[in-house]
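Have a look at the structure below before the remarks.
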Amino acid sequence: MKAFHLIICLGIVAVLIWLNRIDAGNAVTMYGGLSWISWASIGIVVFGICVLILANDSARAFGFFRSKDTQALPPPDIRVLTGSELRELNLDKYRGPAYPHPIIFPERCIGCQACVDACPHDVLAIVDGVAAAVAPDLCMEDTACQAECPVNPKACIVINTTKEVRSLPTPTRDGASFETNVPGCYIIGDVSGVPLIKNAVKEGADVISRIAADLQSAQPEPKADLDVAIIGIGPGGASAASAASDAGLRYVGIEQGKTLSTIDLYPKGKYIFFKPDTKDWSGGIPVLGLGLSKAKYGGGEPDDDQPIIDTLGAEMTDLVHAEASLLNRQLEEKIPAALRDELSPKLAEKLEKELKKRIVAFVRSKGSNDWTSNYRTHFVPAKDELLTAYKAEITDQLQTKIPGDQRENILDIWLGTLDEKGVTINEEESCKAVKRAEDGDYFVIETERGNEKSPQTYKARRVIIAIGLRGAPNKLRLPNEDLKVSIDGREEQKVIYGLSNPMDFKGKHLIVVGGGNVAVEAAVDLIAVRDGASITPRKPEEMNKVTVLVRDYLAPTVKFGNKFQLYQCAEDGLLDLHFGVGIREMTESEVVIENVTTKEVVATIRNHYIFALIGGERPNRFLESIGITIK
């Protein structure tokens, strides 16, 4: 008992004695030596003391736990829109929902669809060329949308969340000029964090324009032999090299593999999309001649157009044929000479189809179902003006609004264009170092050429880094990973780090390791034939036995269409899909797989080849060696 409690007890005893003495002199009924008034007074006093004690103890307890909570877990930092962000959105106050959901900055968004593909709950969609939160109430605070947004500052942010959003580190560069924190060194394409072919090609031409303007106003540098060195010749680097040639700059293009190896490494027959659809094509390499395949455009006129075309007959078709032939002769001059004989008929067919479609739409818009009358009354008198507008529109479409094409067609057009322009590229030459000179305004670039690795040195006033994101492939870390096997009379590597032509593998037992888009697409390509967005199982004599091993789960960036095809193939028994499983050991003919958590053996699988499609080492070390900061 504390002294405080003892004092209270003695006080109560003193009050009882005092009350007893008062009641003893009065003629009142006594209860245990006290009147009812005395007992009531005692009860009120005791109740008050108890309340005081409880209040004091409660206050001390709450104060204790509050202090401990503050020390152990500081208040959560809830992400909200800053003042500058509100002004960018033309808002004085955000009046949207209080729960976590994404916000899109339209001026920042490039329409790449990365956030849409990353969101597993269909919260986002592309609307009028930019991302939009079409169902914010479905947001489950995944935050992958913000992490995958490639622009800086982010065009997609998740607000009202306490989650930390961890984006992949990207090199520091100015978004308008493409210049890094190293003056005179520029970064374009995938390595900048924006993995879009259309964007890379545009940046390649834009950065050359900026460099040309910069060099015109700069002091001459006699120590430099070159105006610009372009390191990495994918779509962005090829566009830059082509633009440098057109601008009359002294340049060198350095590629450690083959020109456009980024495209060449895609599986044969793969349809490559040029995203975003809402942005026009521009840059040093063209798209004219691409997208002419009927399979990708639906082929032929729409069914509801054909009756009108038949009604108008030769009167319209002869005119269309003549106009399409004139336009075809103009456009085919822009197609590489080696491809003109092959592409000219397809281009003429495409031009006729597009002209017919526009004429039919004009005739139909006049209301009457007398198509011949509409054509002669309204179209014929204005045909010169209308056809001029139609041909300009079609020309623009074929040169700037191509949605994509197959890998082989893209390589033919782009390589043919570079060859016809006389653009020279040093292939099989690996860049080892880029150093800014101390005695002038130029860079020293050191490389190794060919299998002999003969050293080369270049001195260039400006440098463009256009390498891809993937460097050396990630390994499985097996002790005998370099194992070679003899199959069909050929000695080959058992572990393969890329798939270029799926049809090179028929009737084989294959393992695909990885949970990203590349691994998923490869697994499907090894058992099926693609036709646009649809797939058809291979013939029995061409079918492979494919096992897919995913260490934990599919990456959040895997596209919905790829997921759907993978799960559909697994459900149909075309492939075996395992999660939480890895490779324990391998021999020439078998692979032992294990549970990655318990390390228990799951199975021993017959196997010819292993495709290790688990990404590659990012080129951060190379960039940092130049002095470029990674954030």
Side-chain angles (χ1 to χ4, degrees), residues 188-190 195-205 230-243 245 253-275 281-297 331-332 334-347 350 398-429 466-470 497-504 517-518 521-522 525 529-532:
I188 61 171
D190 282 9
L196 295 171
I197 292 174
K198 184 181 288 187
N199 183 77
V201 171
K202 182 179 185 301
E203 289 185 351
I230 305 163
I231 301 171
I233 310 297
S239 176
S242 176
S245 176
I254 301 169
E255 168 56 46
Q256 68 175 353
K258 296 195 301 183
T259 301
L260 294 173
S261 58
T262 307
I263 305 298
D264 189 59
L265 287 174
Y266 282 118
K268 288 187 177 180
K270 178 178 174 62
Y271 191 87
I272 301 172
F273 291 95
F274 300 145
K275 296 289 185 178
W281 185 273
S282 66
I285 48 180
V287 289
L288 181 62
L290 298 176
L292 301 179
S293 170
K294 287 185 179 181
K296 302 304 175 188
Y297 280 89
L331 293 179
E332 70 178 2
K334 301 179 181 180
I335 295 175
L339 302 173
R340 284 176 197 163
D341 290 344
E342 175 188 351
L343 295 180
S344 185
K346 295 180 181 179
L347 178 60
K350 175 71 175 175
L398 293 176
Q399 295 184 123
T400 67
K401 296 178 173 61
I402 298 300
D405 207 329
Q406 285 187 316
R407 162 191 176 274
E408 291 75 17
N409 296 336
I410 293 172
L411 287 172
D412 287 344
I413 291 289
W414 289 356
L415 291 175
T417 298
L418 295 176
D419 182 63
E420 197 163 274
K421 281 187 172 185
V423 177
T424 57
I425 305 297
N426 294 354
E427 296 184 336
E428 304 297 335
E429 187 168 340
I467 57 179
L469 277 175
R470 178 175 171 174
Y497 301 98
L499 176 63
S500 178
N501 186 7
M503 295 310 295
D504 286 343
N517 279 302
V518 173
E521 290 178 1
D525 287 334
V529 178
R530 293 184 183 274
D531 181 15

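This is a predicted model, so every value here is computed, not measured. Computed from heavy atoms alone, side chains included, the values below leave out hydrogens, waters and symmetry copies.
Proximity of Pro235 to Leu260: side-chain heavy atoms (C-beta onward) are separated by under 4.5 Å at one or more points. A heavy-atom distance below 4.5 Å is found between the side chains of Ile263 and Ile197. Side-chain contact check for Ser242 versus Trp414: every heavy-atom pair is 4.5 Å or farther apart. The side-chain heavy atoms of Pro502 and Glu521, taken from C-beta on, include no pair separated by under 4.5 Å.
To the nearest 0.5 Å, atom CG of residue Leu418 and atom CD1 of residue Ile233 are 9.0 Å apart. Considering CG of Leu499 and NZ of Lys270, their distance stands at 11.0 Å, rounded to 0.5 Å. A distance of 12.0 Å separates CD of Glu255 from CD1 of Ile230, quoted to the nearest 0.5 Å. Leu339 contributes atom CG, which lies 8.0 Å from atom OG1 of Thr417 (distance to the nearest 0.5 angstrom). To the nearest 0.5 Å, the span separating CG on Leu343 from CG on Leu290 amounts to 8.5 Å. Rounding to the nearest 0.5 angstrom, the gap separating the CD atom in Gln256 from the CD atom in Glu427 is 12.0 Å.
When all heavy atoms of Ala205 and Gly283 are compared, the closest pair comes out as CB-CA, 3.6 Å. Residues Val423 and Ser245 come closest through the heavy atom pair CG2-CB, 4.1 Å. Closest non-hydrogen pair, Tyr266 versus Ile272, comes out as CD1-CD1, 3.4 Å. Across Ile413 and Pro336, no two heavy atoms sit closer than the pair O-CG, 3.7 Å. In this structure, Asp405 and Gly291 approach most closely via the heavy-atom pair OD2-N, 2.6 Å. Closest of all the heavy-atom pairs between Glu420 and Arg340 is OE2-NH2, 4.0 Å.
Formation of a donor-acceptor pair under 3.5 Å by the Asn426 side chain with backbone atoms of Ile254 is not found in this model. Panel note: side chain Glu203, backbone Gly189; a donor-acceptor pair is recorded below 3.5 Å.
Summarising the local packing, CG of Asp504 is surrounded by more than 12 heavy atoms from other residues, nucleotides or ligands at distances under 6.0 Å. Other residues, nucleotides and ligands contribute at most 12 non-hydrogen atoms within 6.0 Å of the NZ atom of Lys258.
Taking the six-membered ring for Trp and thresholds of 30 and 60 degrees, Trp281 and Phe274 have ring planes inclined between 30 and 60 degrees apart.
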